[in-house]
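What follows is one structure encoded as structure tokens, with my remarks underneath.
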Amino acid sequence: MVFQAMEYFWARQAAETAARQAVEAARVLGANDRDGTLRGDTVLQQLGSPLERASVSVATQNGAVVATVTGQPHQLIPGVALGVTATAQGPLEQFRPPPP
């Protein structure tokens with residue numbers, strides 16, 4: 001049970017990291033939701049794919065970027081299926097000319 005808990009917390013931390021990185025990539029001036037999704041997927045791969053059936057979704061709404069990462073930690077104990085969801089958000093970068 002201890003090892004299953006470790007898998008869960010590792011997967012949760014990885015999902016949070018991927019969501020934050022996805023927001024940072026998508027909120028940059030000139031970027032789009034796809035850039036964020038690609039960054040989130042890349043982070044999960046770099047971390048060693050800690051989530052099974054991982055999904056990264058990024059959406060821009062009301063001047064903010066919201067990223068959600070979902071998946072499941074690796075199942076070590078039969079019948080124990082845990083889910084992980086992490087969400088991050090941040091404002092879109094905007095160019096504002098200096099005041100006259």
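The two atoms that bring V69 and A19 nearest to each other are CG2-N, 3.7 Å, heavy atoms only. Residues V58 and A67 come closest through the heavy atom pair CG2-CB, 4.0 Å. The heavy-atom pair separating V65 from A26 by the smallest distance is CG1-CB, 3.7 Å.
The CD atom of E7 sits 5.5 Å away from atom NE2 of H74, with the distance rounded to the nearest 0.5 Å. The CZ atom of F9 lies 9.5 Å from the CZ atom of R12; values are rounded to the nearest 0.5 Å.
T70 is linked by a side chain to side chain donor-acceptor pair (under 3.5 Å) to nothing, counting only residues two or more places apart in sequence or in another chain. In terms of the salt bridge (Lys or Arg N to Asp or Glu O under 4.0 Å) criterion, residue partners of E24 (sequence neighbours excluded) are, by chain and number, R27. Partners of I77 according to the side chain to side chain contact (heavy atoms under 4.5 Å, CB included) rule, which considers only residues two or more places apart in sequence or in another chain, are M1, Q4, V80.
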Let me check something: any side-chain donor-acceptor pairs from residues 40-47 under 3.5 Å, sequence neighbours excluded? List them with distances.
unit_1	atom_1	unit_2	atom_2	d
T42	OG1	L38	O	2.8

Could you give the side-chain donor-acceptor pairs of residues 92-100 under 3.5 Å, partners two or more places apart or in another chain?
unit_1	atom_1	unit_2	atom_2	d
E93	OE1	L29	N	3.3
Q94	OE1	R96	NH2	3.3

Which pairs of donor and acceptor atoms, one on a side chain in residues 82-90, lie under 3.5 Å apart (sequence neighbours left out)?
none

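Shown here is E52, whose CD atom has more than 12 heavy atoms of other residues, nucleotides or ligands within 6.0 Å.
With contacts defined as side-chain heavy-atom distances shorter than 4.5 Å, the pair V28/D35 does not qualify.
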